[in-house]
Every structure is written in structure tokens, then in C-alpha cells.
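Just below is one structure, and these are the notes that go with it.
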Amino acid sequence: MCGIVGYIGKREAFPILIGGLKKLEYRGYDSAGVALLNDRNLNVYKEKGKVATLEASCAGKDLAGGLGIAHTRWATHGEPNSVNAHPHVSQSGRLAMVHNGIIENFGTLREQLQQKGYEFKSETDTEVLVQLIEFALTTTDDVKEAVVRALNKVIGAYAIALIDREHPERLIVARKSSPLVVGVGENEGEFFVGSDASPIVEFTKKMVYLEDEQVAVLQPGKSPEIYSLQNQSVDYDIKEVDLDISMLTKGGFPHFMIKEIYDQPQCLRDCMRGRVFVDNDNMSNNFIQLSAIRDYKNRLLKARRMIIVACGTSWHAGLIGKQLIEQMCRIPVEVAYASEFRYSNPVIEPGDVVIAISQSGETADTLAAIQLARENGALIFGVVNAVGSSIARASDTGIYIHVGPEIGVASTKAFTGQVCVLTMLALQLGHELGSLADNEYHYTIGKLAEIPELMEEMLKSKMDDQIKRMALTFTYVRNFLYLGRGYNYPVALEGALKLKEISYIHAEGYPAAEMKHGPIALIDSDMPTIFIATHHQLYQKIISNMKEVKARNGKILAIVTRGDKEVKAIADNIIEIPPTLNTLVPLLTVIPLQLLSYHVAVARNLNVDMPRNLAKSVTVE
Ligand code: F6R
């Protein structure tokens with residue numbers, strides 16, 4: 001979490017930095033700050049709260065300078081206030097630095113520095129690091145070397161950008177376990193720095209993704225110099241990054257979340273492009289082609305077991321992936337919270353395949369889980385959205401979901417993209433293993449290719465208005481229960497998570513049949529139950545669960561297959577979705593639940609895109 005931006009070149013840095021922070025605000029919005037260097041004149045401005053507050057407070061101030069760094073914070077050490085806000089300045093006022101990550105041994109380092117006479121203004125680990133770099137400057141004149149020396153003393157994660165009043169011609173950056181991208185301007189005349197490519201891409205598509213434990217010195221007119229923590233110069237690649245800038249704007253919608261919900265049909269088309277091939281005249285020509293499978297075919301087909309590691313919404317997608325892979329490939333699959341997996345001394349064997357699912361590709365727990373799995377000989381298969389992210393790079397192979405940058409903090413299009421990729425993966429593997437009948441393989445592909453159209457049909461219907469009206473009646477409800485079975489059980493979990501995250505209403509997801517083992521005690525006329533009750537083999541059993549709720553005066557909202565009569569007769573409200581295969585149904589049933597959480601949050605007048613206490617990319621444990 002936390003977003004960092006940097007610029008060095010001939011332009012004025014301030015507008016680039018503020019624009020960049022706005023694009024990275026999804027990474028945290030507890031405070032924001034900027035440091036500008038104009039010749040040797042250093043100006044630092046910081047404010048508690050959002051980037052807009054910082055921008056407003058900067059009006060009329062000295063904002064000149066072609067070198068600057070900026071930060072938007074998700075607080076870890078110290079409360080969100082302007083003192084703890086970044087950039088932090090060293091004791092002598094020579095260095096200013098922004099940081100994303102956590103310095104785990106900051107307490108010890110701080111004490112050591114205090115004994116040497118350093119004083120601290122903030123409670124942050126970042127101030128410790130900038131002071132440590134200044135202290136290293138007492139033993140060398142070279143700032144880069146001082147950075148290397150200081151970083152060698154640090155335990156933890158960092159992406160930093162540092163400016164030095166004594167050297168206004170250079171910007172120094174470094175990273176370990178937190179992301180950092182360098183954008184290379186035309187003729188290397190200017191450089192841009194970001195936690196991801198979004199603040200950079202409008203200026204240049206040429207990027208260098210810094211590796212762990214690397215320090216880069218950026219000096220306009222010269223090629224970037226990159227060093228290891230052993231102070232050795234290292235080679236690097238400049239990559240062309242293609243990012244659609246329209247994905248970074250709201251495109252006329254009031255919030256990113258609702259735009260991203262509406263983007264889903266196109267996102268799934270992008271996700272399937274070049275991978276899913278459909279012959280409308282002859283179904284038996286339908287096929288799926290995933291290059292990730294081609295390259296690691298033997299290991300994938302011989303997998304005795306798969307383990308999915310992920311967090312939050314991505315974990316819910318993993319639960320669907322488990323059902324798909326087990327059903328189509330007959331390979332046993334476990335789904336683990338990455339945070340638990342990494343500390344559980346898990347049994348991992350060389351034949352295992354570990355599938356890491358992550359939208360951001362930067363989630364610290366998921367990254368650590370795959371590092372552990374790799375050490376134990378597993379093949380790492382990434383299902384990631386952010387191209388070039390840490391998890392993508394730490395995977396042996398994988399499939400990008402290609403749904404474009406997701407800015408709304410509550411994940412929507414990434415979930416359907418992940419489920420789509422896991423469906424393609426299960427289909428192709430199942431077909432190659434021979435565990436999935438040919439006709440089922442071909443038929444399911446045809447049905448998968450229809451999903452974007454069905455999503456569009458739903459989003460263009462009156463469903464959204466209907467849900468908006470319902471949301472008004474739910475505004476003051478304090479608890480919700482979400483129930484589903486089979487493929488719709490993870491959707492129930494996801495619906496409940498969405499509501500919690502952005503509406504701050506307590507909601508629980510359960511397998512419908514588990515209700516009678518405890519949660520039924522909660523049912524009364526004040527707690528609505530949302531049933532996902534589409535047609536499948538357990539449909540009749542869900543109807544029985546609904547009757548149990550009704551018998552206790554519970555209110556029911558049900559997501560049903562279009563034309564359903566039985567549920568309609570029981571439920572207080574229904575939302576219809578078009579018919580599809582049971583294996584594909586989560587791609588549709590999740591949409592009304594995303595819309596419901598959105599409209600309830602709007603009705604409660606909450607900040608949908610930036611819910612309290614959350615950040616988009618969880619790069620800390
Ligand atoms: C929920 C949400 C989070 C993320 C989780 C994992 O809306 O966004 O639960 O799904 O933090 O993040 P990624 O997928 O980036 O690893």
C-alpha cells in the first residue's frame with residue numbers, strides 16, 4: 001500500500017506528481033505529500049487526507065522545480081496525520097524521501113540513531129530509513145553508496161524515492177518486495193517513477209521494472225544506472241508497456257466501481273481474446289488455446305495436486321476455480337488463504353502446482369506464499385491482472401486476466417476476469433487430460449463465449465434500476481446473510497464481502513445448507529437473507545432453505561434464473577439472470593450482488609471508491 005511518484009527532467013514536477021498521486025490514490029488515502037527541489041531549494045508540503053486536500057493547500061505556494069517526489073499513504077506506523085505523512089526529511093534537511101513498505105527492524109535502528117544524536121519528528125519507519133541514509137553519508141560522499149549501505153541494514157519491504165539537495169541533478173530509487181517502476185522519457189531526458197505504470201503511461205511507454213534489492217540512479221541525459229545491494233552495476237531491460245489510458249478515468253460514471261461493473265462484458269471479451277475460439281457453424285471446432293499451458297504442459301498434466309493461494313476476492317475466485325478444476329480435470333485442489341498458508345508449514349511436493357491469484361500482483365501474503373512454494377519445488381502458475389507485477393514475475397508461467405487497471409478499491413471486474421481465466425484453464429487442462437468429454441468441452445466453450453453478451457443484456461435491462469430501488473429499502477439494515485450452494489457459494493461470500501467493504505454493513509456468506517447449523521438463529525424480520533438460487537441440481541434443496549427462512553419471518557431477496565416460478569412464489573424480491581451453464585453461473589450471479597453493494601453504499605452516502613481503512617494493493621502483511 002501507499003503510492004509513490006517521482007519525476008526528474010525539464011518540466012515542472014508538481015503537476016506530474018499531483019496527477020500521478022491521483023492515479024495511485026487507490027493504494028491509500030490517509031495523507032498525501034510532495035517534496036520539490038528547485039536547484040538547492042527544497043519545499044515539502046504534506047496534508048492529512050486525500051490528494052485533493054494537498055493540492056488545494058498548495059495553492060499559492062512555491063511549487064517550482066523539475067525534481068520531485070510524492071506520496072499517498074495508507075498508514076502502518078503512526079496515525080494518519082500531517083507529521084507522519086511523507087515525504088520525510090533527514091535531520092540536516094539534506095535528504096527527502098517517500099517510502100512504500102514496512103521496515104521491520106525500525107525500532108532497533110531508531111534507538112541506534114537516537115544514541116548517535118538523531119532526533120525524530122514522526123512515528124514512522126520511513127523517517128528512520130532517511131536518517132539512516134544520512135548517517136551513512138558520514139562515511140561516504142556518494143549518496144547512492146549511502147543508500148546501498150543503509151538498505152543493507154534494513155529488514156523489511158521498501159520502495160523508496162529519494163532526493164538530495166546536494167545533488168539536484170539526480171533522483172535515486174530502490175525497491176525490495178514493494179513495487180516500483182521507472183518510466184524512461186524521450187532520449188533519456190527525463191524520468192518518471194511510480195508504484196505502478198498508471199501515473200507514467202501518459203508520458204512514456206518505456207519502463208524499467210526494478211527487481212528486488214536494486215537501487216537506480218536517474219539522471220537526465222544519461223541511461224539509468226542500476227545497482228545491486230552489493231553495489232555492483234546490473235543489466236536491465238526497458239519494456240514497452242501498453243496501457244489503455246481510458247481505463248484510468250471514470251468515463252462519465254460517478255464512481256470507478258460502477259464503471260468497472262459495467263466494463264465487465266468488454267473485460268471478459270479482452271480476457272478471452274486470442275484464447276477462446278468459437279465456430280458458430282460447427283461446435284466441434286471450438287477450442288481454447290492458452291500458451292501458458294503449452295509451455296508447461298507436462299508438469300501441469302502430471303500435477304497430482306493443485307493448491308490455490310490468494311486473499312479476499314481473489315480467494316473467492318479460487319474457491320470457484322477449485323470446483324471447476326476438480327470437476328473438469330479430476331485433480332484434487334486445495335484453496336488456501338495466502339496469509340495462513342505461508343505460516344502453516346504446508347506440505348508441498350515437487351509435483352504440486354501452486355496457482356496464485358491476484359489482481360494487483362503485489363499482495364505481500366500471496367507473494368510470500370509462492371516464494372515458499374517455489375522453495376519446496378512446486379510449479380508456480382500466476383493468475384494476475386497487473387502486467388509485470390511482482391507475482392507475475394515470480395511465477396513460472398501463468399495467464400494474465402487482461403481486464404485493465406482496476407481502480408475501485410472493491411474488486412469487481414478482476415473477480416469475473418479471474419473466474420473466466422480459471423474456467424479456460426480447467427477446460428483446456430480437462431480436455432488434454434481426457435477427463436472432460438469432448439462434447440462438454442466444445443459446448444462449454446461456446447457458452448463461455450456468450451457470457452459477455454449475457455452480461456451486457458443484464459446491464460442494459462432494468463435490473464440496475466430495480467436494484468437501486470431495493471437498495472433504498474436496505475439502507476438502514478444492520479446485518480445481511482448471503483446463501484448459495486455449489487458454484488454460487490463463493491458468490492455468496494463475495495456478495496457479503498462487497499457489502500461489508502463499501503457499505504460497512506455486517507454481512508455473512510454461508511453455504512445455504514449450513515444455515516440450519518447456526519446462522520438460522522439470527523433470522524428475524526430485520527435481517528434480510530439473499531439467496532442465490534439459480535437452476536441447478538440443488539435448486540430444490542435451496543427452496544427448502546428459503547421456506548425455513550420464511551417460517552421465521554425472514555425477508556428474502558433471491559437471484560434466480562429467468563422465468564423461475566417456484567422461488568418467485570416464496571421470495572419477497574427476485575432478480576432474474578439469463579440462463580447459462582451451472583459451471584459458468586458465478587460470472588452472472590455476482591453482477592447483481594456487486595450492484596446491490598454499490599447502490600446501498602451510495603444510498604448511505606459513502607465513498608464507494610475509497611472505503612475507510614482499505615487500500616487496493618495490500619503490500620504489507
Ligand atoms: C475485495 C478486495 C480484496 C482483494 C485482496 C487481494 O474487494 O479487493 O479482498 O481481493 O486484497 O488482492 P489481490 O487480488 O490484488 O491480490
Side-chain angles (χ1 to χ4, degrees), residues 1 3 24 26-28 74 177-179 195-196 198 255-258 260-261 264 308-321 335-342 354-370 380 382-395 398-419 421-422 482 490-491 493-504 507 509 590-591 593-598 601 606-621:
M1 335 259 266
L24 289 179
Y26 70 87
R27 300 179 66 89
W74 186 82
S177 303
S178 293
S195 294
D196 66 32
S198 61
H255 298 99
F256 278 109
M257 182 181 177
I258 187 74
E260 287 164 0
I261 292 172
Q264 288 177 104
I308 296 178
V309 291
C311 305
T313 288
S314 300
W315 186 79
H316 297 154
L319 292 178
I320 296 170
V335 189
Y337 282 117
S339 52
E340 289 296 312
F341 180 82
R342 61 186 287 196
V354 169
I355 303 179
I357 308 177
S358 175
Q359 186 289 126
S360 61
E362 301 295 347
T363 301
D365 285 320
T366 311
L367 192 56
I370 61 177
I380 313 297
V383 175
V384 173
N385 191 30
V387 176
S389 57
S390 302
I391 294 174
R393 284 180 293 130
S395 300
I399 309 175
Y400 281 118
I401 65 172
H402 284 323
V403 298
E406 192 179 61
I407 312 288
V409 165
S411 189
T412 52
K413 63 180 185 173
F415 175 77
T416 43
Q418 290 162 346
V419 173
V421 159
L422 292 164
Y482 284 67
V491 177
L493 296 180
E494 176 59 8
L497 178 64
K498 286 288 89 84
L499 193 77
K500 277 185 272 217
E501 283 183 290
I502 58 168
S503 303
Y504 318 148
V590 76
I591 290 182
L593 301 185
Q594 295 170 341
L595 287 169
L596 181 69
S597 62
Y598 173 77
L606 297 170
N607 188 340
V608 175
D609 283 334
M610 293 181 192
R612 70 183 178 202
N613 307 339
L614 291 176
K616 185 75 188 154
S617 183
V618 187
T619 52
V620 294
E621 266 195 63

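When a ligand or atom number is given, it counts from 1 through the structure's own listing order. Residue indices begin at 1 and follow the sequence shown.
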- Sub-4.5 Å side-chain heavy-atom contact between Val421 and Gln418: no
- Item | Which of the ligand 1 atoms, numbered from 1, are nearer than 4.0 Å to a heavy atom of Ser360 | 13 (P), 15 (O), 16 (O)
- Note on the structure: CG (Leu493) and CG (Leu593) are apart, to the nearest 0.5 Å, by 11.0 Å
- Would you mind running through ligand 1 and noting each atom that sits below 4.0 Å from a heavy atom of Ser358? 13 (P), 14 (O), 15 (O), 16 (O)
- Message: Geometry only, no angles: is Ser314 polar-contacting ligand 1 at N/O separations under 3.5 Å?
- Response: yes
- Are Ser198 and Asp196 linked by a side-chain donor-acceptor pair shorter than 3.5 Å? yes
- Against heavy atoms of Glu501, which atoms of ligand 1 measure under 4.0 Å? 1 (C), 2 (C), 7 (O)
- If you round to the nearest 0.5 Å, how far is CG of Leu367 from OG of Ser389? 9.0 Å
- Message: Using a 4.0 Å cutoff against the non-hydrogen atoms of Lys498, which atoms of ligand 1 qualify?
- Response: 1 (C), 7 (O)
- Query: If you measure from CG on Asn385 to OH on Tyr400, what distance do you get to the nearest 0.5 Å?
  - Reply: 9.5 Å
- Task: Indicate, as side chain, backbone, both or neither, the part of Glu362 found under 4.0 angstrom from ligand 1 when only non-hydrogen atoms are considered.
- Result: neither
- Looking only at atom types and distance, does a side-chain atom of Ser395 sit under 3.5 Å from a main-chain N or O of Ile391, one as donor and one as acceptor? yes
- Message: For atom 12 (O) of ligand 1, tell me which residue out of Thr363, Val309, Leu497 has the closest non-hydrogen atom.
- Response: Thr363
- Query: Between Trp315 and Ile357, is any pair of side-chain heavy atoms under 4.5 Å apart?
  - Reply: no
- Message: Give the atom numbers and elements of ligand 1 that come within less than 4.0 Å of a heavy atom of Ala410.
- Response: 7 (O)
- Query: Just which atoms of ligand 1 are under 4.0 Å from any heavy atom in Gln359?
  - Reply: 13 (P), 14 (O), 15 (O), 16 (O)
- How many angstroms lie between CZ in Arg342 and CG in Asp365, if you round to the nearest 0.5 Å? 5.0 Å
- Query: Out of Cys311, Ser411, Ala317, Ala386, whose heavy atom sits nearest atom 5 (C) of ligand 1?
  - Reply: Cys311
- Could you establish whether Val409 and ligand 1 come within less than 4.0 Å of each other, counting only heavy atoms on the residue side? yes
